[in-house]
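Worksheet: one structure, shown below.
Every value quoted in this text rests on a predicted model; they were computed, and no experiment measured them. Numbering of ligands and ligand atoms starts at 1, following listing order.
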Amino acid sequence: MSSNRAGPETAIRNYPKLLNRYQRLLELTSDLASTFDLDTLLQRIVVAARELTESEASSLLLYEKQTHSLYFEAATGALVSGVGQRAIPADNSIAGWVFTHGEPIVSQDVINDPRFYREMDALTRFETQSILGVPLRTKDKVLGVIESVNKTEGIFTDEDVQILQTLAAQAAIAIENSQLFLQSDLIAEIVHELRTPLAALTAASHLLQRAELPADQRTKISQTILHEVQRLNDLTTDFLELSRLESGRMRFKREPVHLGGLAQESLEVVRAQAESREIELETEFDASLVPVHGDRKVLKQLLLNLLTNAIKYSQPGAVVTVSLHSEGDEVLMEVRDTGRGISPEDQERLFQRFYRAAEGADDVPGTGLGLVIAKRIAESHEGSISVESALGEGSKFTVRLPMGPSTKVTTRPRS
Ligand code: ADP
């Protein structure tokens, strides 16, 4: 039996197990943050709850105001068949108590607990002995309850309560997020994306608070924190850029822009990054190219997004080429690389917000917004952007911009 009321020796003996549980919590919560589909999400939460509390089964109930009841939305193991979408009263049950008080409960012996909803076992054909229940609480309300039933060995400990509460806090955010995500406007998507690194940071901070943490683990967790903070930073910058572009309030300049000079400047910005990755930069400029009309600063941003991608997604020894030439009454600005390339399925989705190809997502940091921003900029200049690529061979991104002084710059791009 484990309990944190036991003496310090027991605590030290239990320590590796405890650390494992918290590490597992960290893994499970970061999984939750990336799940948009509500049913999948709820199922993941109960599976995580059962595992973390080492119980026979876990269930999740969400509150419904109209009927003032809690509904079983997901369950594991033996509970699955019985609970269905059944409701239990919010006033007259253990889950109801947790919900109305917004506090956890441990009932080691439900038979003698007056709060226990006796019809429950008849409904589920499950013999409940002990229950640990915690509220699913967001900043301003309680969404429902997570319950773990029958500890497999011994009794529910304070540690179980804490770990389930931490899971519930993340789960509540993820549930609210997933409901928000369904509305799918930019703000909801942004909040969702910000919460992913925030969830990781919260879990990492919990771990760091443990005085007994070995130095190597501490270093690893600090690295996670740094990585996630950097990600938050990148996301904030890109969100700001994208929301400016999408708001329609952005005032673009209309000035003659010599793309040759702009490309040279952009290459200087990325040169150090390219050198550190042993990537060669080349140019193919048509010297007779006429200027385009537009906003120099945002056109430079567009080219920089394409260049940093070409460098990020290429291996050492690869070549990245910027090419400028004209075709009919259009100027073509191309960024080619001999990097990892993009599969046809991924090519179709690259310009969607937050989309990242599977091969890049793990080892290369990014937000999945760079190309959306690039597309918005091209379109706001009455231009377009397209991609040609083959996996393992490389990619070519082509920006087409109209040439000539009649170029209009619209403030509200259409897709
Ligand atoms: P990110 O911040 O992920 O780089 P982007 O919107 O700029 O976001 O790009 C979206 C995805 O497109 C990337 O995650 C990557 O998978 C893929 N991608 C973009 N440019 C390239 C490239 N030059 N070579 C291979 N894959 C690329």
Discussion item. Please state which option from Gln352, Arg356, Gln347 has its nearest heavy atom closest to atom 3 (O) of ligand 1.
Written reply: Arg356
Worksheet item: Which option out of Val364, Asn309, Thr367 puts a heavy atom nearest to atom 7 (O) of ligand 1?
Response: Asn309
Discussion item. When you compare ligand 1 with Tyr355, is there at least one nitrogen or oxygen pair between them that comes in under 3.5 angstrom?
Written reply: no
Worksheet item: Are Asn305 and ligand 1 in contact, using a heavy-atom cut-off of under 4.0 Å?
Response: no
Discussion item. Check for me whether Phe351 has a heavy atom closer than 4.0 Å to any atom of ligand 1.
Written reply: no
May I ask you to identify, for [X], whether its side chain, its backbone, both or neither come under 4.0 Å of ligand 1 on a heavy-atom basis?
X: Phe397; value: side chain
X: Asp346; value: neither
X: Ala357; value: both
X: Ile342; value: side chain

Item to complete: Run the salt-bridge test on Arg336 and Glu284 with the 4.0 Å N-O cut-off and return the result as yes or no.
Response: yes
Within a distance under 4.0 Å of any heavy atom of [X], pick out the atoms of ligand 1 and give their elements.
X: Leu369; value: 6 (O), 8 (O)
X: Lys312; value: 1 (P), 2 (O), 4 (O)
X: Leu371; value: 5 (P), 6 (O), 7 (O), 9 (O), 10 (C), 12 (O), 19 (C)

Worksheet item: Got a sec: does the NZ of Lys220 have more than 12 other heavy atoms crowding it under 6.0 Å?
Response: no
Discussion item. Taking Ser395's backbone N and O only, do any of them form a donor-acceptor pair with Asp337's side chain (distance below 3.5 Å, no angle check)?
Written reply: yes
Worksheet item: Do you know which two heavy atoms are closest between Pro104 and Val134, and how far apart they sit?
Response: CB-CG1, 3.9 Å
Discussion item. Looking at every heavy atom in both Ser148 and Ser58, which two are closest together, and how far apart are they?
Written reply: OG-OG, 2.9 Å
Item to complete: Answer with yes or no after comparing the ring centroid distance for Tyr63 and His68 against a 6.0 Å cut-off, counting only values under it.
Response: yes
Discussion item. Does any part of the side chain of Glu64, heavy atoms only, come nearer than 4.5 Å to the side chain of Ser69, both counted from C-beta?
Written reply: no
